[in-house]
Structures are given as structure tokens and as C-alpha cells.
Amino acid sequence: MNDVFVLDAVRTPIGRYGGALSGVRPDDLAAHVVRALAGRSPDLDPAAVDDVFFGAANGAGEDNRDVARMAVLLAGLPVTVPGTTVNRLCGSGLEAVVAASRAVAVGDASLVIAGGSESMSRAPWVMPKPSRGFDRGAQTLHDTALGWRMVNPLMPAEWTVALGEGAEILADRYGITREAQDGFALRSHRRAAAAWERGVFAGEVAALDALDHDESVRADASPESLARLKPVFRPGGTVTAGNASPLNDGACALLVGDEAGAERAGRTPLARIAARAVTGVEPHLFGIGPVEAARTALSRAGITWSDLSVVELNEAFAVQSLACLAEWPDLDPEIVNVNGGAIALGHPLGSSGARILGALAHELHRRGGGYGLAAICIGVGQGLAVVLEGV
């Protein structure tokens, strides 16, 4: 097997739902990061890109018809560059990089672009076709921005609860208080704001439509402001808009290749992909999906928790992240999301997995090496994890 490297990573700033990027189509978000990524490697002949893998969680609107291929064409890459779109819901962007890494590892490709794109603002309403023509009954439109829709009646009811109710179930199961969740969320905002202040993201964010920062970061967040928010999913519950990730728009792309590909692109690798793993759990317990995926990935990499210098754990909900940390007692929580997480930065579903891996690769490179872990929970009960070794 060939060694596989992350050569570069770039993302859009992440826009709020209905915010600065709400007018940008998801295929244009994808094209923007593909174009920016190619432009950051002046020695790269775009025709040398063997394939483009992109993740998209929705696929019901302007991101239909293979958004990866659309990104290739809209970005101005040669028409000879193919593209394929994958869907593992919230893990789609990370799954795209995993698929790209496998292609490189077995020699089917030498240089690949992989990432993800999502516009939750522009996710359409959908309506099923009637069972017969000229149906006179009332019809229901379903919002495709997030969560279950048109649920199969054969699914057990406990599996198809709202994502937020799944988070409340974890709060009950692990005894995680509202105060602990708000405290975790506050840390995310403070770390993200500090990272922007230090210029950490300057080398990985490509401004778009005059937006040059992540819109959801709240530098002024406080315990008091978070405590004032009411529970969203249960009367007397613990999950609020303040301790959950918001709805967002954004895209991210990584350049992945072997040694020969790195040389052709004129890139010094940021990190080596050391291992990857995916696992499943009961759908309503999706939040702890990363637990076994991370353990398996570490085992495949031949390392332990103590070997990690930094971890990127996608923050779908504060309680979900805290539940995972409770299952990983040997992990130092201080090395998790050192530059903030999705509660502050945002969670554009199909892009988030690529974002956390790109952020991890850049952070390991800044530190001069070491091992890192990127892990993400996935709706309908899955977890995905990748181990990187900084180079």
C-alpha cells in the first residue's frame, strides 16, 4: 500500500443559516474551494488530478446530480477530471477523504481532491409524489435542511426521534447537566474567537462573497447569556440553541496524494493518513457513534490515547461531545478542539468532516508533527474517525 498524505486543505468561512452565504449555491461553494485549493499549488497541473470526491448530506436541491462533478466544471478544471459524490450524512466530507485515501493507497490514483459542501440555508422543501394522478387530498412539504423526513413506517419509533431528543437521551444516560453543556459551549466560542484573533485560520480560509470569518462565533458569549436560553426539544430539558451546533453553509476541500503526487503538486505534506475506521450504533444514540470508531482507528494506527497531541471532535451537541469524552477516560480533554469546534465555528453537514480533518492537518503541521485524531458522529447512528501523523 502507498503512503497517503494530506497535502493542503482550504475551506470557506462558515455562514449562518440565512446569513452571508445563503445566496451561494452548494455547487458554487464546492467550486470555490476546489478552485482555491488548485490555486494554492502553482506547480499543480489541474489535469493531473485523478479524481474529485465530495460529500453532501442533502442532495435534494442544487447539490443534486453529483455535486463533485459540478464543482470540477464550475471551478474551471479540465473536463477530463472526473468527480463522484458520497453521502454518509454528517460524515460525508470525511468519508470523501477516506474514499480518496483508499484510491491513493491502492494505486488507483496519485493526486485527488476531496471534501464536502452544504448549504443548509438553501436546502429545499420536498413533497412525495401522490400515489395516483389528480390526487385531491392535502399534501405535506418536508424541510430537508436537517433530520428525518418521510420516515419509513417500518422503522422503530425510538430510532426516529429528533436529533435534539437523541441528545437529551444522552444527557439522561450519562448524567450530563445543563451547566456542563453550557460550559463546554462557552469554551468552544472562546477558543474559536481566540484562534481567529491569533490568525490560526488565516492560512486555511478562502474568503467568499466578502465574508472572511465564521459567522456563528460569539466572542461575547457568557455563562449568563447561555443560561438565558430555553430548552428546545423537551420541556425542562438541557439542550438549547446555545449548547448545540447551529445550521450553516460552507465547503472544504483537501488535496490528498502519494509521494509522487506531492512532488508533482510541489507540496510538502502536512500529515500522513495513518488509519481510519467507521462503526455503527443505535440510531437514537448517534452522538456516541465516534466512540468505537476512534478506538478502532487508534488500534489500526498502532497508537494509544496518550500518543495523541490534538483531537478534532465534531461538536454536533455539547452533550454528545461530553458523552464521547466520558467514554474516553484516557484522553486529555484539554487537547480536544483547541481552536474551537462546531458549536462556535458551525456545522454545514456535508462539509464538517472535511473541515475537522483539514484543521487537524494544519494544526499538526504547525506543531511540527505528532499524532492527531478527527472523529465525527453521524445521524442514523454511525461514527467515523481518522488518525493523522503530522510530518
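In Met150, the CE atom is crowded: over 12 heavy atoms of neighbouring residues, nucleotides or ligands sit closer than 6.0 Å. Annotation: Glu259, atom CD; neighbour count of heavy atoms from other residues, nucleotides and ligands within 6.0 Å does not exceed 12. In this structure, Arg173 places its CZ atom where only 12 or fewer heavy-atom neighbours from other residues, nucleotides or ligands lie under 6.0 Å away. Atom CH2 of Trp148 has more than 12 neighbouring heavy atoms from other residues, nucleotides or ligands inside a 6.0 Å radius. Heavy-atom contacts from other residues, nucleotides or ligands closer than 6.0 Å to CD of Glu197 number 12 or fewer.
Proximity of Thr238 to Ile176: side-chain heavy atoms (C-beta onward) are nowhere separated by under 4.5 Å. When side chains are defined from C-beta on, Arg367 counts as touching Val338, because their heavy atoms get closer than 4.5 Å. You'll find the side chain of Glu363 stays beyond 4.5 Å of the side chain of Leu360, heavy atoms only. In this structure, the side chains of Trp196 and Val205 come closer than 4.5 Å at one or more pairs of heavy atoms. Annotation: side chain of His32 is not in contact with side chain of Asp28 (no heavy-atom distance under 4.5 Å). At least one side-chain heavy atom of Leu255 sits less than 4.5 Å from a side-chain heavy atom of Ile113. The side-chain heavy atoms of Val33 and Thr12, taken from C-beta on, include a pair separated by under 4.5 Å. Using a 4.5 Å cut-off on side-chain heavy atoms (C-beta onward), Asn243 and Val319 make no contact.
Between the OG atom in Ser309 and the CG atom in Leu388 there is a gap of 10.0 Å [rounded to 0.5 Å]. How far CD1 of Ile356 is from CD1 of Ile376: 5.0 Å, rounded to the nearest 0.5 Å. Rounding to the nearest 0.5 angstrom, the gap separating the CG atom in Asp143 from the CZ atom in Arg149 is 7.5 Å. Atoms OG and CG, from Ser117 and Asn58 in turn, are 10.5 Å apart once rounded to the nearest 0.5 Å. Atoms CG and CH2, from Asp330 and Trp305 in turn, are 8.5 Å apart once rounded to the nearest 0.5 Å. For the atom pair CG of Leu357 and CD of Glu312, the computed distance is 9.0 Å after rounding to the nearest 0.5 Å.
Closest approach of Val67 and Ala30 over heavy atoms only: CG2-CB, 4.4 Å. Nearest heavy-atom pair, Pro290 versus Gly287, reported as atom, atom and distance to 0.1 Å: CD-O, 3.4 Å. Nearest heavy-atom pair across Gln320 and Ala316 is OE1-N, 3.1 Å. Of all the heavy atoms in Val72 and Val52, the pair that sits closest is CG2-CG2, 3.6 Å. Contact record, Asp249 with Met120: OD1-N, 2.9 Å, taken as the closest heavy-atom pair. Shortest non-hydrogen contact noted between Pro124 and Ala60 is CG-O, 3.4 Å.
Listed for the Ser101 side chain is a donor-acceptor partner under 3.5 Å among the backbone atoms of Val98. Looking at Ser351, its side chain never comes within 3.5 Å of a backbone N or O of Glu118 through a donor-acceptor pair. The closest donor-acceptor contact from the side chain of Glu315 to the backbone of Ser321 lies at 3.5 Å or more, if one exists at all. In terms of modelled atom types and a separation under 3.5 Å, the side chain of Glu204 and the main chain of Ala9 share no donor-acceptor contact. A donor-acceptor pair is defined here as one N or O able to donate and one able to accept, closer than 3.5 Å; no such pair exists between the side chain of His347 and the backbone of Ala342. Glu215 places a side-chain N or O within 3.5 Å of a backbone atom of Ala20 that can act as its donor or acceptor partner. The backbone N or O of Ala293 sits less than 3.5 Å from a side-chain atom of Thr279, completing a donor-acceptor pair.
Between Ser216 and Asn248, the side chains place a donor N or O and an acceptor N or O closer than 3.5 Å (distance only, hydrogens not considered). Remark: the Asn339 side chain and the Arg198 side chain contain an N/O donor-acceptor pair separated by less than 3.5 Å. Using a 3.5 Å distance cut-off with no hydrogens or angles, the side chains of Ser119 and Glu62 do not pair a donor with an acceptor.
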### Audit row: Asp43, Ser41, side-chain contact (heavy atoms from CB on, under 4.5 Å) steps and yes/no
CA-CA 5 Å; Asp43 293 340; Ser41 297; 6.0 Å; no
### Task
In sequence, state the C-alpha distance, the side-chain angles, and the governing distance for Val281 and Val291, and then conclude on side-chain contact (heavy atoms from CB on, under 4.5 Å).
CA-CA 10 Å; Val281 296; Val291 170; over 6 Å; no
### Message
Checking Gln181 against Ile343 for the side-chain contact (heavy atoms from CB on, under 4.5 Å) test, could you report, in this order, the C-alpha distance in whole Å, the side-chain angles of both residues, the deciding distance, and whether it holds?
### Response
CA-CA 11 Å; Gln181 294 174 53; Ile343 289 173; over 6 Å; no
#### Entry: Criterion side-chain contact (heavy atoms from CB on, under 4.5 Å) on Met70 and Thr85, from CA distance to verdict
CA-CA 10 Å; Met70 298 304 170; Thr85 300; over 6 Å; no
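Ionic pairing of Arg122 and Asp27 is not present here: no N-O contact between side-chain nitrogen and carboxylate oxygen is shorter than 4.0 angstrom. A salt bridge is defined here as a Lys NZ or Arg NE, NH1 or NH2 lying under 4.0 Å from an Asp or Glu carboxylate O, and Asp214 with Arg355 fails to meet this definition. Salt-bridge annotation for Glu334 and Arg191: present, with a side-chain N of the basic residue lying under 4.0 Å from a carboxylate O of the acidic one.
Residue Phe54 is not grouped with residue Val4 when hydrophobic side chains (ILVMFWY) are merged at heavy-atom distances under 4.5 angstrom, including chains of intermediate members. Under the 4.5 Å side-chain heavy-atom criterion for ILVMFWY residues, no single connected hydrophobic cluster contains both Val217 and Leu226. Cluster annotation: Ile288 is connected to Trp328 through the hydrophobic network of ILVMFWY side chains, with a link wherever side-chain heavy atoms come within less than 4.5 Å. Cluster annotation: Leu298 and Leu384 are assigned to distinct hydrophobic clusters (Ile/Leu/Val/Met/Phe/Trp/Tyr, side-chain heavy-atom contacts under 4.5 Å, transitive). Residues Phe286 and Phe184 share a hydrophobic cluster, clusters being chains of Ile/Leu/Val/Met/Phe/Trp/Tyr side chains in contact below 4.5 Å.
In this view, Arg295 and Glu292, Glu327 satisfy the salt bridge (Lys or Arg N to Asp or Glu O under 4.0 Å) rule, not counting sequence neighbours.
Classified by interplanar angle (parallel below 30°, tilted 30° to 60°, perpendicular above 60°), the ring pair Phe233/Phe317 is perpendicular.
Here the rule is side-chain contact (heavy atoms from CB on, under 4.5 Å) with Ser110, and of Val104, Asp50, Val49 only Asp50 fits it.
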